Amino acid sequence: MSTKTYKTFSPEETENIGANLMKMLPYPAFVALFGDLGAGKTAFVRGMVKSFDKDAVVTSPTYNIVNKYTSDKKNFYHFDMYRIADEDDLYSVGFYDYLDDAVVVTEWSENITYALPEDVIKVSILKTDVENERNIVVEF
């Protein structure tokens with residue numbers, strides 16, 4: 001497993017790290033995001049999606065659990081697992097039906113560690129004591 005650490009100082013820089021990661025990903029891929037509320041997970045995903053589909057409008061899927069983006073016959077699924085409590089919840093939202101032939105990114109992956117695939121790419125976004133500063137740790 002290799003690890004890369006980045007430091008960002010704005011949401012735009014966090015988006016850029018997400019965009020750069022997207023360019024390096026194989027297809028399909030699974031990316032699990034970890035971080036507190038307001039850490040910048042959605043900004044990171046926004047960068048990934050903009051690299052995938054520059055015209056996409058990216059929002060957090062907090063209430064609908066998953067947002068789908070499509071580009072060049074490839075799929076990108078953005079999940080928010082904040083309200084997922086157990087395996088039954090994952091089945092009820094059809095989570096396992098989304099895993100084939102797509103880039104899948106999950107926010108609040110702390111809630112579904114039991115469902116993460118072996119080849120998962122883990123991204124931890126950590127706030128610091130400095131406003132807007134983030135430490136982003138990517139584990140391949």
Side-chain angles (χ1 to χ4, degrees):
M1 177 177 292
S2 72
T3 302
K4 180 81 174 158
T5 302
Y6 304 89
K7 187 177 291 281
T8 64
F9 299 93
S10 70
E12 294 78 21
E13 287 182 4
T14 298
E15 287 179 25
N16 288 339
I17 300 298
N20 290 336
L21 176 64
M22 185 68 191
K23 292 173 186 171
M24 297 184 319
L25 287 180
Y27 186 87
F30 193 106
V31 179
L33 300 179
F34 298 84
D36 291 335
L37 187 65
K41 297 180 296 293
T42 301
F44 190 89
V45 174
R46 190 168 33 254
M48 292 182 75
V49 171
K50 290 292 188 177
S51 176
F52 179 79
D53 175 3
K54 65 180 174 50
D55 297 323
V57 176
V58 180
T59 60
S60 178
T62 300
Y63 295 103
N64 49 336
I65 307 296
V66 63
N67 288 339
K68 176 183 177 180
Y69 306 94
T70 303
S71 178
D72 298 325
K73 298 183 182 178
K74 293 183 178 181
N75 294 314
F76 185 110
Y77 299 111
H78 175 202
F79 281 88
D80 186 317
M81 299 301 183
Y82 184 76
R83 299 180 335 189
I84 300 297
D86 56 30
E87 187 85 20
D88 289 339
D89 286 350
L90 281 180
Y91 276 108
S92 71
V93 300
F95 174 73
Y96 295 103
D97 297 333
Y98 290 90
L99 300 182
D100 293 332
D101 197 33
V103 171
V104 175
V105 179
T106 56
E107 292 190 38
W108 295 101
S109 299
E110 298 88 340
N111 293 348
I112 62 158
T113 55
Y114 54 84
L116 299 177
E118 284 184 24
D119 60 347
V120 64
I121 297 162
K122 295 181 180 179
V123 177
S124 299
I125 303 176
L126 309 164
K127 296 183 201 177
T128 71
D129 292 335
V130 178
E131 186 176 351
N132 291 321
E133 181 181 75
R134 301 293 186 263
N135 289 321
I136 301 172
V137 180
V138 180
E139 298 175 56
F140 294 92

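Fair warning: this is a prediction, and the values are worked out from it, not measured in the lab.
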Undergrad: Can you tell me which residue pairs pass the salt bridge (Lys or Arg N to Asp or Glu O under 4.0 Å) test with a partner in residues 105-125, sequence neighbours excluded?
TA: none

Undergrad: Can you check whether V105 reaches M48 side chain to side chain, under 4.5 Å on heavy atoms?
TA: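 Yes; the side chains approach each other to less than 4.5 Å.
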
Undergrad: Just how far is it from atom OG of S10 to atom CZ of R134, taken to the nearest 0.5 Å?
TA: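 One finds 10.0 Å between OG of S10 and CZ of R134.
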
Undergrad: Do V66 and M81 belong to the same hydrophobic cluster, where Ile, Leu, Val, Met, Phe, Trp and Tyr are linked whenever their side-chain heavy atoms lie under 4.5 Å apart, directly or via other members?
TA: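 Hydrophobic grouping puts V66 with M81.
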
Undergrad: Look at the side-chain heavy atoms of Ile, Leu, Val, Met, Phe, Trp and Tyr, link any pair under 4.5 Å apart, and say whether F76 and I121 land in one connected group.
TA: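 Yes; tracing contacts between hydrophobic side chains, which count when under 4.5 Å, links both residues.
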
Undergrad: Are I125 and F79 connected, step by step, through hydrophobic side chains (Ile, Leu, Val, Met, Phe, Trp, Tyr) whose heavy atoms are closer than 4.5 Å?
TA: no

Undergrad: I need the D89 CG to N111 CG distance, nearest 0.5 Å.
TA: 10.0 Å

Undergrad: Got a sec, which residues hit side chain to side chain contact (heavy atoms under 4.5 Å, CB included) with Y96, two or more places apart in sequence or on another chain?
TA: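 Residues passing side chain to side chain contact (heavy atoms under 4.5 Å, CB included) with Y96: E87, L90, Y91, L99, A115.
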
Undergrad: I'd like to check the salt bridge (Lys or Arg N to Asp or Glu O under 4.0 Å) partners of E15; sequence neighbours left out, ordered by chain and number.
TA: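 E15 satisfies salt bridge (Lys or Arg N to Asp or Glu O under 4.0 Å) with R46 only.
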
Undergrad: Find the distance between OG (S92) and CD1 (I84) and round it off to the nearest 0.5 Å.
TA: 6.0 Å

Undergrad: Under 6.0 Å between the ring centres of Y69 and F52?
TA: no

Undergrad: Main chain of K74, side chain of D72: is a donor-acceptor contact present, judged purely on distance under 3.5 Å?
TA: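 Checking the backbone N and O of K74 against the side chain of D72, no donor-acceptor pair under 3.5 Å is found.
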
Undergrad: Could you grab the distance from atom CG of N20 to atom OG of S51, nearest 0.5 Å is fine?
TA: 8.0 Å

Undergrad: Kindly compute the distance separating CD (E12) from CG (N132), expressed to the nearest 0.5 Å.
TA: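 It comes to 8.5 Å.
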
Undergrad: For residues 2-9, run the donor-acceptor check on the side chains, cut-off 3.5 Å, and write out each pair with its distance to 0.1 Å, sequence neighbours left out.
TA:
| unit_1 | atom_1 | unit_2 | atom_2 | d |
| --- | --- | --- | --- | --- |
| K7 | NZ | N135 | OD1 | 3.0 |
| T8 | OG1 | T14 | OG1 | 2.9 |

Undergrad: So if you build clusters from Ile, Leu, Val, Met, Phe, Trp, Tyr with side-chain heavy-atom gaps below 4.5 Å, do V120 and I112 land together?
TA: yes

Undergrad: Could you name each residue pair satisfying ring pair (Phe, Tyr, Trp, His ring centres under 6.0 Å) that touches residues 101-138, not counting sequence neighbours?
TA: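 Ring pair (Phe, Tyr, Trp, His ring centres under 6.0 Å) check on residues 101-138 returns Y82-W108.
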
Undergrad: Kindly list each side-chain donor-acceptor pair under 3.5 angstrom involving residues 22-41, sequence neighbours excluded, with atom names and distances?
TA:
| unit_1 | atom_1 | unit_2 | atom_2 | d |
| --- | --- | --- | --- | --- |
| Y27 | OH | N75 | N | 2.8 |
| Y27 | OH | D101 | O | 2.8 |
| K41 | NZ | G35 | O | 3.0 |
| K41 | NZ | D36 | O | 2.9 |

Undergrad: Hydrophobic clustering (ILVMFWY, side-chain heavy atoms < 4.5 Å, transitive) - are V104 and V49 grouped together?
TA: no

